[in-house]
Amino acid sequence: MNKKRIVILGSTGSVGRQTLEVIAQYPEKFSVEVITGWNNTALLAEQARAFLPKTVVTGDKKNYQELKDALKDLPVKVLAGTEALNEVVSGEVDLVMAAIVGFAGLMPVLTALEHGVPVALANKETLVVAGDIVMETAKRKNVSVIPVDSEHSAIFQCLQGENGGIEKIILTASGGPFIGKKTNFLVNVKRDHALQHPNWHMGEKITIDSATLMNKGLEMIEARWLFNLKPEQIEVVIHPQSVIHSVVQFVDGSLKAQMGLPDMKVPIQYALTHPGRLKNDFPRFSFKNYPKLTFDRPDIKTFRNLALAMEALQKGGNLPCIMNAANEEVVHAFLKNKIGFLEMTEIIEEAMNSCQRIEKPTLADYQQSDQSARELAQKLIAQKSN
Ligand code: NAD
Ligand code: MG
């Protein structure tokens, strides 16, 4: 049998590293053709040594020489720059694992789809920014976008063998480290505390998004595009144990949920093996260890990022793109201790209110909206950090 040839965009990140761990279990099933990173050159080189891909890319050109030197004894091609990311997804490959974080992941995903290459999508920002264009491209090219995000993988798995008939979906949310807290607490929260997620170990950006509940907002928009739903068909429930990964409610009132331990390697593996499954030896879930599963409503008055994302989902157009750009900037600033936890929300809100709205944006409009929202957010960050 031919091996599935995989490109991993963002192999040095949390999802990227776990993708390599999954692939390492099945050397006879998968071959890693390309890996890409940004500034962790030592890890990228180490991964190249272990998996011997044909090509290794550093997105950041200034790391090119260091990477080239580190790999000079290996038969691998070394490329640099964002154009190279587009080049490597359009070659002779079978699946692209899109695990870059943020807007930067959009173009390589679109390029892969344009070239008829299926995408396993971890990079939710891609769909938040330009979900209409991404899904239209996938449809036109008749190529699949397979969700990697655990909630969306859950929905996707629940929908296998079904033929429509979705009434609504219920996305579960852990609630993050500040579940139950109120504004008077959140106002003093600092980065190190916000980076301590109770159930998942992830990259810094998504960990902050989980603490503000923006992550769940991004996921509502992601789900809207992946499963072609109306905003009112998407609900969020807080489920702190994170073992029910999400639920589909069908038109006959039946509910289907997908469960498991909170381990990203499971949805990653499913995205790689879909429509089949492969046996692994990951730890198994046991009801004995979870005698109590609990559910609650999200507190969108306190965690206003989720309310903002719901507004963006409702209004559509370029508003989710504006919100995403402002969010990427404020999370970055929060991680650098430039602004406070609640100031992130204030800046996102102001960007959403001030940036020019476009109802049916083109790709160029999305790029422009991303740029202007970032500029505005940076200005507001500078004002607040003075
Ligand atoms: P991460 O920060 O750990 O890794 C990001 C990767 O992207 C790294 O390899 C980095 O080198 C690369 N990268 C960063 N900026 C880049 C740029 N401008 N150009 C090219 N490459 C760049 O992030 P992560 O936690 O692995 O998340 C990746 C994506 O998957 C995000 O969109 C996140 O929302 C989504 N996701 C992550 C998890 C998780 O458990 N980590 C779960 C669900 C969804
Ligand atoms: Mg998720």
Side-chain angles (χ1 to χ4, degrees), residues 7-22 34-47 56-63 67 79-86 88-89 97-109 119-129 146-156 171-176 195 197 199-210 213-223 226 236 239 242 244-246 258 262-268 270-271 324 327-328 331-332 335 370 374:
V7 174
I8 307 175
L9 300 175
S11 64
T12 56
S14 161
V15 171
R17 291 192 310 267
Q18 294 181 84
T19 303
L20 286 171
E21 275 180 57
V22 169
V34 181
I35 56 175
T36 86
W38 186 255
N39 50 17
N40 195 342
T41 307
L43 178 59
L44 192 59
E46 190 187 305
Q47 292 176 337
V56 182
V57 184
T58 170
D60 190 347
K61 283 187 176 157
K62 74 174 183 313
N63 298 323
L67 184 63
L79 300 174
T82 43
E83 324 76 64
L85 297 175
N86 292 322
V88 293
V89 295
M97 167 58 76
I100 288 176
V101 58
F103 182 90
L106 171 64
M107 282 319 292
V109 165
V119 172
L121 190 72
N123 176 249
K124 62 190 85 186
E125 294 91 349
T126 284
L127 289 177
V128 174
V129 169
I146 305 163
V148 172
D149 212 348
S150 59
E151 298 77 1
H152 305 74
S153 174
I155 306 281
F156 187 67
L171 298 176
T172 51
S174 71
L195 282 173
H197 196 280
N199 302 345
W200 301 95
H201 298 283
M202 312 176 283
E204 290 192 336
K205 194 257 177 186
I206 183 176
T207 305
I208 300 302
D209 285 343
S210 301
L213 293 200
M214 177 56 95
N215 183 50
K216 213 46 57 177
L218 299 176
E219 290 184 352
M220 292 177 82
I221 302 171
E222 179 185 15
L226 277 173
V236 169
H239 166 50
S242 297
I244 296 184
H245 296 312
S246 278
Q258 188 263 348
D263 179 355
M264 276 307 293
K265 290 201 289 301
V266 177
I268 288 170
Y270 187 71
N324 177 72
N327 183 56
E328 287 191 27
V331 169
H332 187 67
L335 283 167
D370 175 80
R374 276 174 205 276

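In each ligand, atom 1 is the first atom listed, and ligand 1 is the first ligand listed.
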Among the N, O or S atoms that [X] has, which is closest to the Mg ion (ligand 2)?
{"X": "Asp149", "result": "OD1"}
{"X": "Glu219", "result": "OE2"}
{"X": "Glu151", "result": "OE1"}

- Query: Do Leu106 and Thr126 pass the side-chain contact (heavy atoms from CB on, under 4.5 Å) test, and can you show the C-alpha distance, the side-chain angles, and the key distance before you say yes or no?
  - Reply: CA-CA 5 Å; Leu106 171 64; Thr126 284; 4.0 Å; yes
- Message: Could you measure the distance from the CZ atom of Arg374 to the CG atom of Asn324? Nearest 0.5 Å is fine.
- Response: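 Separation between the atoms: 7.0 Å.
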- Query: Quick one: CG on Asp209 to CG on Asn327, what's the gap to the nearest 0.5 Å?
  - Reply: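 Asp209 atom CG to Asn327 atom CG measures 4.5 Å (nearest 0.5 Å).
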- Go through the side-chain N and O atoms of Asn40 and Thr12 and say whether any donor and acceptor fall under 3.5 Å apart.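 Absent: no donor and acceptor within the cut-off.
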- Query: Are Lys124 and Glu219 within salt-bridge range, i.e. N to O under 4.0 Å?
  - Reply: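 A salt bridge links Lys124 with Glu219.
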- Non-hydrogen atoms closer than 4.0 Å to ligand 1: which protein residues do they belong to? List them by chain and number, please.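 Its neighbours under 4.0 Å (heavy atoms only) are Gly10, Ser11, Thr12, Gly13, Ser14, Val15, Gly37, Trp38, Leu85, Ala99, Ile100, Val101, Ala104, Ala122, Asn123, Lys124, Glu125, Asp149, Met202, Gly203, Ile206, Met264, given by chain and number.
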- Starting from the C-alpha separation in whole Å, work towards a yes-or-no answer on side-chain contact (heavy atoms from CB on, under 4.5 Å) for Leu127 and Ile221. CA-CA 7 Å; Leu127 289 177; Ile221 302 171; over 6 Å; no
- Task: With side-chain contact (heavy atoms from CB on, under 4.5 Å) as the test, would you mind laying out the steps for Leu171 and Met220 before giving the verdict?
- Result: CA-CA 8 Å; Leu171 298 176; Met220 292 177 82; 4.0 Å; yes
